[in-house]
Amino acid sequence: MSESYTFSFRVDAAMFRRALYFNTFFKQRVQVVIVSVMWLLGAGIALAGLALHRELSNVMWLCGIVLLVTLPLLVFSCEYGYRQYRDSAAPEKLRRVCLSSGWLKLGVSGAPDSEKLEWRQISSAFELSDFFIIYRDASLMVVLPKSAMTEREANEVRGILAYRLGRGFHERINRLPLPCC
């Protein structure tokens, strides 16, 4: 597996938005369940106090409000990041990902130089139906669209990611219910 693959592409705003929502809600499978349950708990507290006229302490009211506000804040955070990306020059920048079994190289047009990483520097990667997301760490995600590659190349990329990352590679094809994106 000494062959290397180079892909040049642009990440449009819609794809970036999907990646943001995936990162926020679906990266950890149980995360969306916990967030939803907590929001429903907050709604239950509000319902008990307002509609059912139950006596609630200030602490309960405060907990309910915090739980109710959290989900909209997460959605706002995704939308804010999406709008910042959409309104910047980032969607028009040509990105380049080169990868082989020994390394990964990332580059963006207009940036001084590309960054060459060893696979041990990559924390995880996810395959979704339309793209791969490669994480260097929690704050840096690289979106690699499948539209930039042939089906054979997508299979090779999948194989390299699975081999080099082991349990750090996750396939989530056709499991991303994002009707808003």
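All values below were derived from every heavy atom in this structure, side-chain atoms included, with hydrogens, water molecules and symmetry-related copies excluded. Just so it is clear, the structure is predicted and the values come from calculations on it, not from any experiment.
Side-chain contact between Val59 and Cys63 is present, with at least one heavy-atom pair separated by less than 4.5 Å. The closest side-chain heavy-atom distance from Val142 to Arg136 is not below 4.5 Å. Counting heavy atoms from C-beta on, the side chains of Phe9 and Leu144 come closer than 4.5 Å. Side-chain contact between Arg96 and Leu106 is absent, with no heavy-atom pair separated by less than 4.5 Å. Using a 4.5 Å heavy-atom cutoff, the side chains of Val66 and Thr70 are in contact. Side-chain contact between Ile134 and Leu104: present, with at least one pair of heavy atoms (C-beta onward) separated by less than 4.5 Å. Side-chain contact between Met15 and Val143 is present, with at least one heavy-atom pair separated by less than 4.5 Å. In this structure the side chain of Trp39 reaches within 4.5 angstrom of the side chain of Pro72, judged on heavy atoms.
Taking CZ of Arg120 as the reference point, atom CG of Leu165 lies at 13.5 Å (rounded to 0.5 Å). Put simply, CD on Glu156 and OG1 on Thr150 are 9.0 Å apart, with the number rounded to the nearest 0.5 Å. In this structure, CG in Leu117 is found 11.5 Å from CG in Leu99, a value given to the nearest 0.5 Å. One finds the CH2 atom of Trp119 at 12.0 Å from the OH atom of Tyr163 (value rounded to the nearest 0.5 Å). The line from CD1 of Ile160 to CZ of Phe132 is 10.0 Å long, rounded to the nearest 0.5 Å. For the atom pair Glu118 CD and Arg164 CZ, the distance stands at 9.0 Å (nearest 0.5 Å).
One finds no salt bridge joining Lys105 and Glu115 here, because no Lys/Arg side-chain nitrogen approaches an Asp/Glu carboxylate oxygen to under 4.0 Å. The residues Asp130 and Arg18 are annotated as salt-bridged, a charged nitrogen and a carboxylate oxygen being separated by less than 4.0 angstrom.
Across Glu171 and Arg29, no two heavy atoms sit closer than the pair O-NH2, 4.0 Å. Here the closest non-hydrogen pair linking Phe26 and Arg172 is O-NH1, 2.7 Å. In terms of heavy-atom proximity, Ile122 sits nearest to Tyr135 at CG2-O, 3.3 Å. Across every non-hydrogen atom of Tyr85 and Val11, the tightest pair is OH-O, 2.6 Å. Taking every heavy atom of both residues into account, Leu68 and Ala43 meet most closely at CD2-N, 3.5 Å. For the pair Arg10 and Pro91, the tightest heavy-atom approach, listed with the atom from each and the gap, is CB-O, 3.6 Å.
Side chain of Arg54 to main chain of Gly49: no donor-acceptor pair is present (N/O by atom type, distance under 3.5 Å, no hydrogens or angles). Looking only at distances, no side-chain donor or acceptor of Glu153 sits under 3.5 Å from a matching main-chain atom of Tyr5. Here the side chain of Lys146 pairs a donor or acceptor atom with the backbone of Leu128 at under 3.5 angstrom.
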Original post:
Please walk me through it: do Phe169 and Glu127 pass side-chain contact (heavy atoms from CB on, under 4.5 Å)?
Top reply: CA-CA 8 Å; Phe169 176 66; Glu127 179 182 8; 3.9 Å; yes
**OP:** Applying side-chain hydrogen bond (donor to acceptor under 3.5 Å, both in side chains), run through Ser100 and Trp103 and close with a yes or a no.
**Re:** CA-CA 5 Å; Ser100 76; Trp103 47 265; 3.2 Å; yes
**OP:** Evaluate the criterion side-chain hydrogen bond (donor to acceptor under 3.5 Å, both in side chains) for residue pair Asn155 and Arg152; output intermediate values, then yes/no.
**Re:** CA-CA 5 Å; Asn155 289 332; Arg152 184 187 72 73; over 6 Å; no
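Open room surrounds CG on Asn58; 12 or fewer heavy atoms of other groups in view lie less than 6.0 Å from it.
Taken together through direct or relayed side-chain contacts under 4.5 Å among Ile, Leu, Val, Met, Phe, Trp and Tyr, Leu41 and Leu52 form parts of separate hydrophobic clusters. Following chains of ILVMFWY side-chain contacts shorter than 4.5 Å, one cannot reach Phe25 starting from Val69, and the two form parts of different hydrophobic clusters. At a threshold of 4.5 Å between side-chain heavy atoms, the hydrophobic network of Ile, Leu, Val, Met, Phe, Trp and Tyr places Val33 and Leu40 in one connected group. If you chain together hydrophobic residues whose side chains sit under 4.5 Å apart, Tyr21 and Leu74 fall into the same group. Residues Ile133 and Val32 share a hydrophobic cluster, clusters being chains of Ile/Leu/Val/Met/Phe/Trp/Tyr side chains in contact below 4.5 Å.
Annotation: cation-pi geometry not satisfied between Lys27 and Phe22 (NZ/CZ under 6.0 angstrom from ring centroid, within 45° of ring axis). Cation-pi geometry between Arg17 and Tyr82 is satisfied (NZ or CZ under 6.0 Å from the ring centre, within 45° of the ring normal).
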